[in-house]
Undergrad: 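Before I ask anything, let me first share the structure, which is written out below as structure tokens.
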Amino acid sequence: MQISGAQMVIEALIAEGVDTVFGYPGGAIMNVYDEIYKQDKFHHILTRHEQAAVHAAEGYAKASGKVGVAMITSGPGFTNAVTGLADAYMDSIPLVVISGQVPMSLIGTDAFQEIDAVGISRSCTKHNYLVTDAKDLPRVLKEAFYIASTGRPGPVHVDIPKDVTAQIEEFNYDVELDLETYKPNVKGNPRQIKKAMEAIAKAKRPLFYLGGGVINSNAAYEVRELIQKTGIPAVETFMARGVLSHDDALLVGMLGMHGSYASNMAMSETDLIIGLGARFDDRVTGKLSEFAKNAGVIHVDIDPASISKLVNADYPIVGDVKNVVLEMLENLEYINSDRYARWRESIKNFNQLHPLTYYEDSDRLKPQWVIQRTGELLGDNANISTDVGQHQMWSAQFYPFSRPRQFMSSGGLGTMGFGFPAAIGVKAAAPEKTSVNFTGDGSILMNVQELMTAVEKKLPVVNIILNNNFLGMVRQWQTLFYDRRYSETDLSIQPDFVKLAEAFGGIGYRVNTKEEFDAALKDAVEKDVVAFIEVIVDRYENVMPMVPAGGSLFNMMLLEKKER
Amino acid sequence: MEISERRVISVIVINEASVLSRVTDLFSGRGYNITSLTVAPIPESRYSRLTIVTSGSVRVIEQITKQLHKLIPVLKVYEHADLVEKEMALVKFPANENITDISTLCGAYNGKIVNVGDNVIITMIADEPKRVDNFLKLIQKYNPKEIVRSGAVALER
């Protein structure tokens, strides 16, 4: 059929099964928005900032496992969205982001709202396109969805000049994709997998090291089975929270800069790392030359460039985690879980020596308690998003995650302002669960305008603001490494968060005690409205344990009880 | 201590807009070094061939090839071990220099005089990059006015 470029975009989104688009209109994308107005196949959620549109699409993608879609205009619309693209790129989140561009005839003339969008997005997307002819649109959009969602997922950016959205051409979406240069290897080499299994059988202290790739490949339940059957303990990265349930006896905990003592010690003492969809990030390994010194490494990843990038792999396996784990489950004959009984015992001892905990040594509420308590009250019934900082680490440490896709947080890029819009996207994807955003008094102000989106679209996100009147994580580093010079981190001057929520039509609570917190959370969940629960917490609480940047993983600062 | 080595990498890419930027952005973004880069379409195909001379440790070179391969329009990446490598150089001399000497020197480096004008002569040579270095040292005494090097191209043996 002969249709305009703008109509092609709509038809392609419908053909891809998109049910929700996050976006913000503007001059160069108006033809497409005109077609959005005319259709009723998918919802459009108008965010109040383009950055938030992309974060919302990320939250939607993470919670649903589908490709998230965001739509923006040229120039500032696009540049506002760049942080979202970079965030999705770092955390391997499948997105298709469509931007308007000035007409072809004006490209290169410094036209109004013109920016070299593909030039900017090149380094923070998996791939990008500038569509110069509507004839290419069906193919480009089909490729974009395919590339975003296959291999190592990531954001794909499609920039469409305004005249191309007006151009009328034949539309046929039923074309076979022929991507000769893009063929991700999803099936692990069976011989290599067999060798890896033999190495596991011979190891004395093997350790599963689970990364976000397990969630991306929808392999969490297969991984749970593999761990159950082998009896081998597992540590999770920040990105992998929820792969194992919090009450799984073989889950040691989260490792890394703010990992548990037992997890970091287990990683330091293991003789064989079984890495699944993890990338040995610097926040995980600490000082590389001291990292897991005596360990062999099995490294399963769909991205060959992640293998042996930082830590040399003795058994590199390029493939989709799910396929490889299914193949591993077929090769269990040599493995006897009794062999690792002593190893499991010594990990238990690590956990008893320095369990992950906190002390109630202040008149104010402890942030960790708030997170733990939310977990007790909501548990599996909530999806958890976070912003970035101390509250983010405490959420990863103390929330009792029980399933994959329950936890969404900006891990790689560390984007303050991610949490609230992401939680809006999560709510759109999973309306049956309570969408909670743990945030700080610093982070929440970085996308606070999204109150309007959430209220308008009735996407009731419960924001729990852990207010310590500080940019807490930076303050913690200043305490520890800058001799308490609190340069520009004191946030004593603040808005009235209760009134702020109310001004947008949400509901606000200020909480000082445990009883007040319970009452506020219950009320917010029951009323099912957009909420700010501001919790006044201990100003000087630190996230512990902590491996100082560049330090060895086994050299942790541990929690100390404050003198009162 | 990881030793930095000179390496020649050939990359076969789809001949399309901005593919060269994707490659060079990758190098600058990840802090890799480009010594020289040549690019030209492969006849009767939709591909182009890039020849990149770079340097780095074994680990860095391995990362470069893997990261190049991750770019969507990249078909193949060859990290050459055993190769034939050639580079061209054009040099402009004042016409009053000793043309016979220059011509003989060029001959020794697979070259010749390619243009003679009233005031200048232009020579070309094509040889291994190291020998091009040598040639350019030798001709210094003939007061070259301008030198242009093409960057290396290579084929696996």
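Numbered from 1 within each chain, the chains take letters A, B, ... in sequence-line order. None of these values were measured; they are calculated from a predicted model.
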Undergrad: Which one wins on heavy-atom pair count under 4.5 Å against chain A: B:Ile12, B:Ile72, B:Leu75?
TA: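 Most heavy-atom pairs under 4.5 Å with chain A: B:Ile72.
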
Undergrad: Where does B:Ile14 contact chain A at under 4.5 Å (heavy atoms): side chain, backbone, both or neither?
TA: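 For B:Ile14, the side chain is the part near chain A, not the backbone.
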
Undergrad: In this structure, are over 12 heavy atoms from other groups packed under 6.0 Å from B:Gln140 atom CD?
TA: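 Yes, because the 6.0 Å sphere around CD of B:Gln140 holds more than 12 heavy atoms from other groups.
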
Undergrad: Is A:Ile147 in contact with chain B via its backbone, its side chain, both, or neither, using a 4.5 Å heavy-atom distance?
TA: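 For A:Ile147, side-chain heavy atoms alone lie under 4.5 Å from chain B.
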
Undergrad: Can you pull out the donor-acceptor contacts between chain B and chain A, under 3.5 Å, including backbone atoms?
TA:
| from | atom 1 | to | atom 2 | distance (Å) |
| --- | --- | --- | --- | --- |
| B:Arg22 | NH1 | A:Asn128 | OD1 | 2.8 |
| B:Arg22 | NH2 | A:Asn128 | O | 3.0 |
| B:Arg22 | NH2 | A:Asn128 | OD1 | 3.0 |
| B:Asp25 | OD2 | A:Arg122 | NH1 | 3.3 |
| B:Tyr47 | OH | A:Glu180 | OE1 | 2.4 |
| B:Arg59 | NH1 | A:Ser308 | O | 3.2 |
| B:Gln63 | NE2 | A:Ala305 | O | 2.7 |
| B:Lys66 | NZ | A:Pro304 | O | 3.0 |
| B:Lys66 | NZ | A:Ile307 | O | 2.6 |
| B:Lys70 | NZ | A:Asp303 | OD2 | 2.8 |
| B:Ile72 | O | A:Thr181 | OG1 | 2.5 |

Undergrad: Side chains of residues 103-122 of chain B: which donor-acceptor partners sit under 3.5 Å, not counting sequence neighbours?
TA:
| from | atom 1 | to | atom 2 | distance (Å) |
| --- | --- | --- | --- | --- |
| B:Thr104 | OG1 | B:Thr100 | O | 2.7 |
| B:Asn110 | ND2 | B:Ala126 | O | 3.2 |

